[in-house]
Peer 1: 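The structure is given below, and queries will be raised subsequently.
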Protein chains: 2
Amino acid sequence: MAGNGRPTVTIRDVARAANVHVSTVSRALDPDKQRLIAEATRNRILEVVQELGYRPHRGASGLRRGQTRTIGVVVPDLGNPLYAPFLRGVARALDAAEFMPLVTDTEDDHDRLVRILRHLEERRVEAVITTAAREGDLALLQELRAAGTEVVLAVRTLSESGLPTVPHDDVLGGRLAVEHLLELGHRRIAQIRGPLDVEPFRARSEGAEQALAAAGLAEVGFAPPATSPTVAEGERHTLELLAACGDAPPTALFVQNDLLALGALSALRCRGLRCPEDVSVVSYNDAFFSAYTQPALTTVRLPAYEIGFAAGRLAVRHVEGQDADPVASVAPQLVVRASAAPPRDDA
Amino acid sequence: MAGNGRPTVTIRDVARAANVHVSTVSRALDPDKQRLIAEATRNRILEVVQELGYRPHRGASGLRRGQTRTIGVVVPDLGNPLYAPFLRGVARALDAAEFMPLVTDTEDDHDRLVRILRHLEERRVEAVITTAAREGDLALLQELRAAGTEVVLAVRTLSESGLPTVPHDDVLGGRLAVEHLLELGHRRIAQIRGPLDVEPFRARSEGAEQALAAAGLAEVGFAPPATSPTVAEGERHTLELLAACGDAPPTALFVQNDLLALGALSALRCRGLRCPEDVSVVSYNDAFFSAYTQPALTTVRLPAYEIGFAAGRLAVRHVEGQDADPVASVAPQLVVRASAAPPRDDA
DNA sequence: TTGAAAGCGTTACCAG
DNA sequence: CTGGTAACGCTTTCAA
């Protein structure tokens with residue numbers, strides 16, 4: 001077992017050294033059963049444990065108990081700063097219940113997701129929390145659940161999937177973003193979209209369109225949705241959009257996440273357009289760097305830590321069989337910084 | 001075992017359904033032993049496996065085999081964008097050997113590190129790769145190794161620890177950073193330092209001092225080392241430094257990592273100092289956002305993916321008993337962008 | 001309060 | 001080529 005030769009201490013070694021039966025050691029070390037054994041015996045055992053440096057083998061114990069106390073957490077891209085606070089939230093929620101997260105990223109690749117889920121099944125994780133779901137993955141996730149692994153959706157939710165979900169209202173978020181631009185006086189507004197088969201991006205588009213429609217406006221210009229929400233894609237699509245708009249560029253952009261927005265800012269500079277003087281930008285997520293771009297990003301905050309925490313709790317609940325009590329939807333919130341300002345008079 | 005009631009399929013179920021002994025099933029599924037069994041039997045078994053949706057229980061198999069094929073990866077802060085590519089590198093290296101990384105972050109807290117290492121021991125990870133080591137953690141890591149878990153150090157190395165390490169030359173990196181500033185013509189150079197008990201930061205300081213000394217200069221101004229390398233600390237320390245310098249601020253800053261640099265840029269703006277016109281900045285790591293700050297950061301690149309990959313390979317080697325062949329040190333590289341320029345004439 | 005024995009799901013060894 | 005048996009490290013039931 002040990003990587004470098006030293007023989008690992010087992011419960012039997014402890015039993016022998018303490019002159020008791022292994023079952024006594026087991027009980028002495030189990031918080032639920034310590035009270036069944038004599039104070040003196042227990043102390044002797046604890047001493048020996050200390051002395052020998054015994055570490056209970058969770059794998060073995062789990063095998064016997066039929067549990068692993070492990071929950072798989074599958075994110076699309078660890079490089080997306082959104083997921084650091086998310087994962088911290090999950091970890092906190094699992095800590096409390098003595099579960100451990102097993103984190104992997106799919107690199108937004110379906111085949112990798114398939115392999116990862118299979119692997120997690122073989123490791124007998126008791127639940128999978130995923131923020132990597134695209135629409136085409138629904139069947140896969142439902143099979144996983146049918147095979148006995150709890151599944152919890154967060155961030156990238158799939159409505160109507162019937163799977164336990166941490167809800168958050170991206171339609172509202174999209175509306176907030178565009179309403180802010182409208183209030184500033186913008187009339188020529190475009191969007192830089194994330195992938196269409198990812199629900200939050202679709203929802204943000206929908207919210208944006210609602211707000212535009214309510215103001216009697218339509219989206220200006222056209223950029224196809226990004227295939228993945230990355231800086232490079234944001235830059236590319238913004239350049240495309242600007243090219244397509246020719247001499248009548250939009251005065252404002254709703255960019256559907258912070259990574260895309262970083263690319264958008266870069267593209268604007270590249271085309272000699274100042275932000276926010278020439279083009280305003282509102283983005284989404286409020287990742288840590290949003291406050292430090294130039295100009296600082298006005299953005300809709302997605303409370304990633306809180307969502308992670310809720311997802312962790314939800315997963316634990318389900319694993320422990322206390323289903324139900326749905327999680328309250330966390331509300332998006334507009335964070336006003338410098339990247340969106342009123343349009344110039346001549347615009 | 002299963003979270004939601006469905007009985008889990010075991011190897012016995014497969015054996016029964018295929019009319020063979022469990023050991024036959026085991027062999028049929030083991031790549032090293034399939035050739036020992038009849039083609040026909042094997043096919044029958046495979047069919048049944050398919051039909052029943054059998055997933056081998058890695059925990060059980062590992063218990064018997066005395067291995068977990070798991071390697072703990074301990075980073076200080078998942079929020080530091082440096083670690084996304086690092087972790088991807090590790091994952092790639094482990095994939096190849098069918099190991100799985102078990103990732104945790106210490107939040108740069110010693111007690112958390114202690115708890116995490118204990119937990120990883122109980123999970124019988126076969127090695128621990130850590131980038132979270134501070135100097136005071138050396139004994140802890142050596143105990144871990146003595147108890148039979150391989151330990152690999154990366155990024156935050158500990159020279160003279162005798163532990164397997166992925167080396168990288170931060171003294172050189174620090175020198176490169178300051179030499180660049182000197183070549184641009186700067187003479188009044190200050191540093192914003194990371195924590196002193198973290199080797200890379202100390203090395204960067206040393207390199208910087210070497211470069212200054214070679215030019216017959218000394219560091220200007222004073223800021224105590226940050227307690228942790230975060231944006232907030234970078235901002236705070238830069239403000240302190242500027243305050244301490246009064247009317248003779250440095251014309252250039254070597255800021256020891258990108259997160260600190262984000263804070264430093266913010267502090268400069270806050271004090272009405274333009275970068276690079278009034279104060280140049282060279283930073284370290286080249287995290288993904290460095291190219292997108294305003295101005296874009298001139299920085300020394302730490303090849304995080306490569307280091308992660310090397311760390312993963314090294315860990316696997318050690319676990320598999322093929323010790324030795326030390327890893328080549330990866331060289332730091334100056335990435336010139338916009339945040340460092342020649343000082344103004346009157347400076 | 002403690003001991004004995006069985007078993008969790010798997011693989012390794014020994015027979016045949 | 002296949003079957004039986006024991007064992008990995010632990011917990012749990014049953015008895016004492």
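Letters A, B, ... mirror the listed sequences (proteins, then strands); counts begin at 1.
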Peer 1: Knowing that exactly one of B:Thr104, B:Leu120, B:Leu102, B:Ile116 qualifies, which makes a side-chain contact (heavy atoms from CB on, under 4.5 Å) with B:Val128?
Peer 2: B:Leu120
Peer 1: Can you see if the side chain of B:Arg12 gets near the phosphate of C:dC8 - specifically, an N or O under 4.0 Å from OP1 or OP2?
Peer 2: yes
Peer 1: Any idea how A:Tyr305 and A:Phe309 line up, ring-wise: parallel (<30°), tilted (30 to 60°), or perpendicular (>60°)?
Peer 2: parallel
Peer 1: A:Ile11 has a side chain; which of D:dC10, D:dT2, C:dT10 sits nearest to it?
Peer 2: D:dC10
Peer 1: Nearest-Å distance, CG (A:Leu52) to P (D:dG9)?
Peer 2: 14 Å
Peer 1: Which residue, B:Leu94, B:Val125, B:Val152, forms the side-chain contact (heavy atoms from CB on, under 4.5 Å) with B:Ile71?
Peer 2: B:Leu94
Peer 1: Is any side-chain nitrogen or oxygen of A:Ser61 closer than 4.0 Å to OP1 or OP2 of D:dC10?
Peer 2: no
Peer 1: Between D:dG3, C:dT2, C:dA12, spot the one nearest the side chain of B:Arg64, thanks.
Peer 2: C:dA12
Peer 1: Closest approach of A:Asp105 and A:Leu78, non-hydrogen atoms and distance?
Peer 2: OD2-N, 3.0 Å
Peer 1: Give a yes/no on whether any side-chain N or O of A:Lys33 is located under 4.0 angstrom from OP1 or OP2 of C:dT1.
Peer 2: no
Peer 1: Between B:Val22 and A:Asp30, which is nearer to the 5' end of DNA chain D once each is assigned its nearest nucleotide?
Peer 2: B:Val22
Peer 1: Can you check the A:Tyr54 OH to D:dC10 C1' distance for me, whole Å?
Peer 2: 7 Å
Peer 1: With a 4.5 Å cut-off on side-chain heavy atoms, are A:Leu87 and A:Pro101 touching?
Peer 2: no
Peer 1: Please figure out whether B:Ala60 or B:Thr24 has its closest DNA chain D nucleotide nearer the 5' end.
Peer 2: B:Thr24
Peer 1: With distance as the sole criterion, is a donor-acceptor pair present between the side chains of B:Thr149 and B:Glu126 under 3.5 Å?
Peer 2: no
Peer 1: Side chain of A:His21, heavy atoms from C-beta onward: which of D:dT2, C:dT11, C:dA5 has the nearest atom to it?
Peer 2: C:dA5
Peer 1: May I have the distance from B:Leu63 (atom CG) to C:dG7 (atom P), rounded to whole angstrom?
Peer 2: 17 Å
Peer 1: Between D:dT2, C:dA4, D:dG9, spot the one nearest the side chain of A:Ser23, thanks.
Peer 2: C:dA4
Peer 1: Check the distance between C:dT2's C1' and A:Arg35's CZ and give it to me in whole angstrom.
Peer 2: 15 Å
Peer 1: For A:His57 and D:dC8, give me the distance from atom NE2 to atom C1', rounded to whole Å.
Peer 2: 8 Å
Peer 1: So, OP1 or OP2 of C:dT2: does either fall under 4.0 Å of a side-chain N or O from A:Thr41?
Peer 2: yes
Peer 1: Nearest to the side chain of B:Thr10, which nucleotide is it out of C:dG9, D:dT2, D:dT11?
Peer 2: C:dG9
Peer 1: Once you round it to whole Å, what is the distance between C1' of D:dT2 and CD1 of B:Ile45?
Peer 2: 10 Å
Peer 1: Axis-to-axis angle across the helix from C:dT1-D:dA16 to C:dG16-D:dC1, five pairs an end, to 10 degrees?
Peer 2: 40°
Peer 1: Which whole-number value in Å describes the distance from B:Leu36 CG to C:dT11 C1'?
Peer 2: 13 Å
Peer 1: In whole angstrom, what separates B:Arg65's CZ from C:dA12's C1'?
Peer 2: 10 Å
Peer 1: So, A:Gln142 side chain and A:Ser161 main chain: donor-acceptor pair closer than 3.5 Å or not?
Peer 2: yes
Peer 1: Would you tell me if any nitrogen or oxygen in the side chain of B:Arg27 comes within less than 4.0 Å of OP1 or OP2 on D:dC1?
Peer 2: no
Peer 1: Any donor-acceptor pair under 3.5 Å linking the side-chain atoms of A:His119 with those of A:Arg123?
Peer 2: yes
